[in-house]
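Every heavy atom of this structure was used, including side-chain atoms; hydrogens, water molecules and symmetry mates were not.
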Amino acid sequence: MRSYLIFIIGMLYLHCTNAQTITVTNDQDLKFGSFYLSGISSGSISISNNGDRSANGGVVILPSTVYQPWIFTISTDSETQMLVTVDNPSTNLSNANGDQITLTAGVSNPAVANVQQNSPAQMVIGGTISISNGVAQGFYTGDMLLTFSLYHE
């Protein structure tokens, strides 16, 4: 039995071509909780943007562990309404020995946020990691680089 505890430390990258100030605040980190890979199989574990956790293949979820989606708030000083979307990148997570697994970001909720002065928007993202038999057990962390695209109406 290989056990894993996944904790994602949020790192945000803002792609913006206008002169307004845009602020992104990390409200809650993405956490998958504890789980293990049974036997010699592989599998995946996912956290949805509404906080549900599920597993496929040989991944077995351990109950009573903290898991949660990633939540962040976007605000601006612009009086002009902006539509904000988030890409769905993949990134590598590492343990203390340098072993890596891949995390793919899920779909944001909402898919498009409306942001303007005095009206911030909160966005929620989950993700999926895949575990194969050769991956070492342990505590994995990493940064997820998100790109925000802004559109003026």
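Judged by distance alone, the side chain of Ser38 and the main-chain N or O of Gly58 form a donor-acceptor pair under 3.5 Å. For Asn97 (side chain) and Asp99 (main-chain N/O), no donor-acceptor pair under 3.5 Å exists by modelled atom type. Within the 3.5 Å criterion, the main-chain N or O of Asp52 finds a donor-acceptor partner in the side chain of Ser48. With hydrogens and angles disregarded, no donor-acceptor distance shorter than 3.5 Å links the side chain of Arg53 to the backbone of Tyr67.
Judged by distance alone, the side chains of Thr128 and Ser44 never bring a donor and an acceptor atom under 3.5 Å apart. Residues Asp27 and Trp70 have side chains that never bring a donor and an acceptor to within less than 3.5 angstrom of each other. Side-chain N/O atoms of Asn133 and Ser42 include no donor and acceptor closer than 3.5 Å.
The side-chain heavy atoms of Phe139 and Asn95, taken from C-beta on, include no pair separated by under 4.5 Å. Looking at Leu93 and Ile129, their side chains come closer than 4.5 Å, going by heavy atoms from C-beta outward. For the pair Gln122/Ile71, a side-chain contact is recorded, criterion being any heavy-atom separation below 4.5 Å from C-beta on. When side chains are defined from C-beta on, Leu103 counts as touching Phe32, because their heavy atoms get closer than 4.5 Å. Taking the side chain as every heavy atom from C-beta outward, Val135 and Tyr140 approach each other to under 4.5 Å.
Taking CG of Leu30 as the start and CG of Asn49 as the end, the distance is 11.5 Å to the nearest 0.5 Å. Separation of atoms CD (Gln28) and CD1 (Ile125) is listed at 12.5 Å; rounding is to 0.5 Å. The CG atom of Asp77 sits 6.5 Å away from atom CD of Gln117, with the distance rounded to the nearest 0.5 Å. Between the CD atom in Gln137 and the CG atom in Leu37 there is a gap of 10.5 Å [rounded to 0.5 Å]. Rounded to the nearest 0.5 Å, atoms CD1 (Ile47) and NZ (Lys31) are 11.5 Å apart.
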Side chain to side chain contact (heavy atoms under 4.5 Å, CB included) assessment of Asn109 paired with Met123: CA-CA 6 Å; Asn109 182 18; Met123 298 184 87; over 6 Å; no
Side chain to side chain contact (heavy atoms under 4.5 Å, CB included) assessment of Ile131 paired with Ile101: CA-CA 7 Å; Ile131 306 294; Ile101 57 176; 3.9 Å; yes
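Closest approach of Ile61 to Phe35, counting heavy atoms only: CA-CB, 4.0 Å.
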